[in-house]
Amino acid sequence: MSLMSPLTTPALTPALKSARRLIVLLLLIPGLAACGESQSQPKATMPPPPRVTIAKPVSKMIADQDEYVGRFVAVESVEVRARVPGYLDAIHFQDGQLVKAGDLLFTIDRRPFQIALAQAQASLAQAKSTLAFAESDLARAQGLTVGAVITQQTFDQRTQAKRTAEASVAGQQAGERQAALDLEFTELRAPVAGRIGDRRVSIGNLVTGGTSGNTSLLATIESIDPIRFEFTLDEASYLRYGQFIDDGAGATNRGLSVPITLKLIGEPAFSHEGKIDFVDNAIDRSTSTIRARAVFANPHGRFTPGMFARVRIAAAPPKNELLVPDVAIGAEQVRKFVLVVDAENVARPKYVTLGPVVDGLRVITQGLTPDDNVIVNGLMRARPGAKVTPQQASIASASTARPQIDAD
């Protein structure tokens, strides 16, 4: 038995050599693929900081103001009713038109009242004739000697007849004036200027007149210029506004001479100016409110009695405030914040206290300084503590510009 030296290896057959090469090739394929992938893929790069628009807050003198809701009421509101009965003969207006004081509105059939006036005039003429005869008869008696030619009784009778005739003339004159007044009342004229409503009675209907409560309502007239606005103040606001002075405490406005502005439903701003002309004399115990009234000019008739509106009253002297657009304000549960950009272009949150909206901008009462660069466009792309690419602008230009939308 021959022994093989450990330093020598047996010769490989061609089949074993081929198998060995195949195994080596299979082991090298994954490594080569990984190398190819690593060479074909570039290294990942960080995205650039998001672009945002920054602006300094607007500084403006703003007065602390309160708002109230109320209704318009007419200064003069009149129900047109007939003073004499009769059949309605004519209507001289269009429903809803503007009328002036003294304009003819309705006419009641005048013929019965013309006859009554003629009768009163005839009765007056008869009474005057009787008075003239009594005066001449008494004048003759006064020229005679009482007791010799005429008795005292006859003289007294003639004196009494004259007085009776004078009383009759006075009564007939009153009757004539009443008949003339009734004839005048057949024409119903507008007592005030304003807008008239629709007619309540048609031509040909019998109208009930007089001074009792069951007279016929023919139409209503509401004055429109000027017009009043009624609203209620709470007790605390009344005390805050009412800085009474010696020369104003007795006035109808109770010393409330604060500025008041108004806006209608749908209007963007309080652009109508007025003045308070009346404050009630007692606070309602059930609601702890007091009724107040303001007067506004209404030359174009836009304000209508019964219409709702809002008024704003200055509650304190004006002071300097900072304003930013509402789009620059974010919310974190119940807290509000804005993002400001520091010197290193890093977005930092600042929690703020909000005030009212003035001229489309939100008042910031606390938490902001005039030198802060507030993000006014791109707030959703910025993150607190992250860098941004700021672009300086003004509040006015940033408010009018369209907001940028991130492509991602």
Side-chain angles (χ1 to χ4, degrees), residues 75-93 99-194 196 199-221 223:
V75 175
E76 294 174 322
S77 179
V78 179
E79 294 181 346
V80 181
R81 297 180 183 268
R83 297 189 182 185
V84 293
Y87 286 93
L88 191 61
D89 191 51
I91 299 176
H92 306 278
F93 67 91
V99 296
K100 296 179 293 185
D103 285 353
L104 182 61
L105 304 178
F106 299 94
T107 299
I108 298 175
D109 190 2
R110 298 169 57 88
R111 293 171 295 178
F113 301 96
Q114 290 172 341
I115 294 173
L117 177 59
Q119 290 175 345
Q121 291 172 345
S123 298
L124 176 60
Q126 183 180 2
K128 288 181 177 180
S129 177
T130 302
L131 176 60
F133 176 77
E135 288 176 343
S136 62
D137 198 17
L138 179 59
R140 286 192 299 270
Q142 290 174 344
L144 301 176
T145 303
V146 179
V149 180
I150 185 174
T151 61
Q152 183 66 41
Q153 182 180 3
T154 303
F155 183 81
D156 293 342
Q157 288 175 347
R158 293 182 179 182
T159 302
Q160 182 63 26
K162 176 181 177 295
R163 293 174 179 174
T164 302
E166 289 176 342
S168 179
V169 169
Q172 294 301 325
Q173 287 176 339
E176 182 195 28
R177 289 195 298 271
Q178 182 63 52
L181 192 60
D182 290 343
L183 180 61
E184 181 182 348
F185 286 160
T186 59
E187 293 184 343
L188 282 75
R189 299 182 178 273
V192 297
I196 193 168
R199 63 195 73 183
R200 304 296 178 87
V201 180
S202 300
I203 296 175
N205 283 286
L206 179 63
V207 175
T208 303
T211 57
S212 59
N214 58 353
T215 56
S216 300
L217 175 62
L218 304 181
T220 58
I221 301 176
S223 63

| message | Any non-hydrogen side-chain atom of Lys100 less than 4.5 Å from a side-chain atom of Asp103? | response | yes
| message | Contact between Glu184 and Leu181 at the side-chain level, heavy atoms closer than 4.5 Å - yes or no? | response | yes
Contact summary for [X] and [Y], nearest pair of heavy atoms:
X: Pro191; Y: Ile221; answer: CD-CD1, 4.1 Å
X: Ala134; Y: Ala165; answer: CB-CB, 4.2 Å
X: Leu88; Y: Ser202; answer: CD2-O, 3.5 Å
X: Val99; Y: Ala190; answer: CG2-CB, 4.2 Å

| Is there a side-chain contact (heavy atoms from CB on, under 4.5 Å) between Gln172 and Gln121 once you walk through the steps? | CA-CA 8 Å; Gln172 294 301 325; Gln121 291 172 345; over 6 Å; no
| task | Please identify each residue that fulfils side-chain hydrogen bond (donor to acceptor under 3.5 Å, both in side chains) with Glu79, with sequence neighbours left out. | result | Arg81
| request: Not counting sequence neighbours, which residues clear side-chain hydrogen bond (donor to acceptor under 3.5 Å, both in side chains) with Gln119? List them please. | output: none
Contacts under 3.5 angstrom, residues 105-112 side chains, donor-acceptor by atom type, not counting sequence neighbours:
unit_1, atom_1, unit_2, atom_2, d
Thr107, OG1, His92, NE2, 2.8
Asp109, OD1, Arg111, N, 3.4
Asp109, OD1, Arg111, NE, 3.1
Asp109, OD2, Arg111, NH2, 3.0
Arg110, NH1, Thr186, OG1, 3.2
Arg110, NH1, Glu187, OE2, 3.4

Return the [atom1] to [atom2] distance between [X] and [Y], rounded to the nearest 0.5 Å.
X: Ile91; Y: Leu188; atom1: CD1; atom2: CG; result: 11.0 Å
X: Leu131; Y: Glu166; atom1: CG; atom2: CD; result: 5.5 Å
X: Asn205; Y: Arg200; atom1: CG; atom2: CZ; result: 14.0 Å
X: Ser123; Y: Gln173; atom1: OG; atom2: CD; result: 12.5 Å

Are the side chain of [X] and the backbone N or O of [Y] linked by a donor-acceptor pair below 3.5 Å?
X: Arg199; Y: Phe93; answer: yes
X: Asp182; Y: Ala179; answer: no
X: Ser216; Y: Val207; answer: no

| said: Go through it in stages, so that I can follow the logic: the residues are Leu117 and Gln114, the test is side-chain contact (heavy atoms from CB on, under 4.5 Å), and I'd like the CA-CA distance, side-chain angles, deciding distance and then a yes or no. | reply: CA-CA 5 Å; Leu117 177 59; Gln114 290 172 341; 5.7 Å; no
| message | Assess the residue pair Leu217 and Val80 against the criterion (side-chain contact (heavy atoms from CB on, under 4.5 Å)); give the C-alpha distance rounded to whole Å, side-chain angles, the decisive distance to 0.1 Å, and a yes or no. | response | CA-CA 6 Å; Leu217 175 62; Val80 181; 5.8 Å; no
| task | Taking atom CD of Gln126 as the centre, report whether more than 12 heavy atoms of other residues, nucleotides or ligands fall under 6.0 Å from it. | result | no
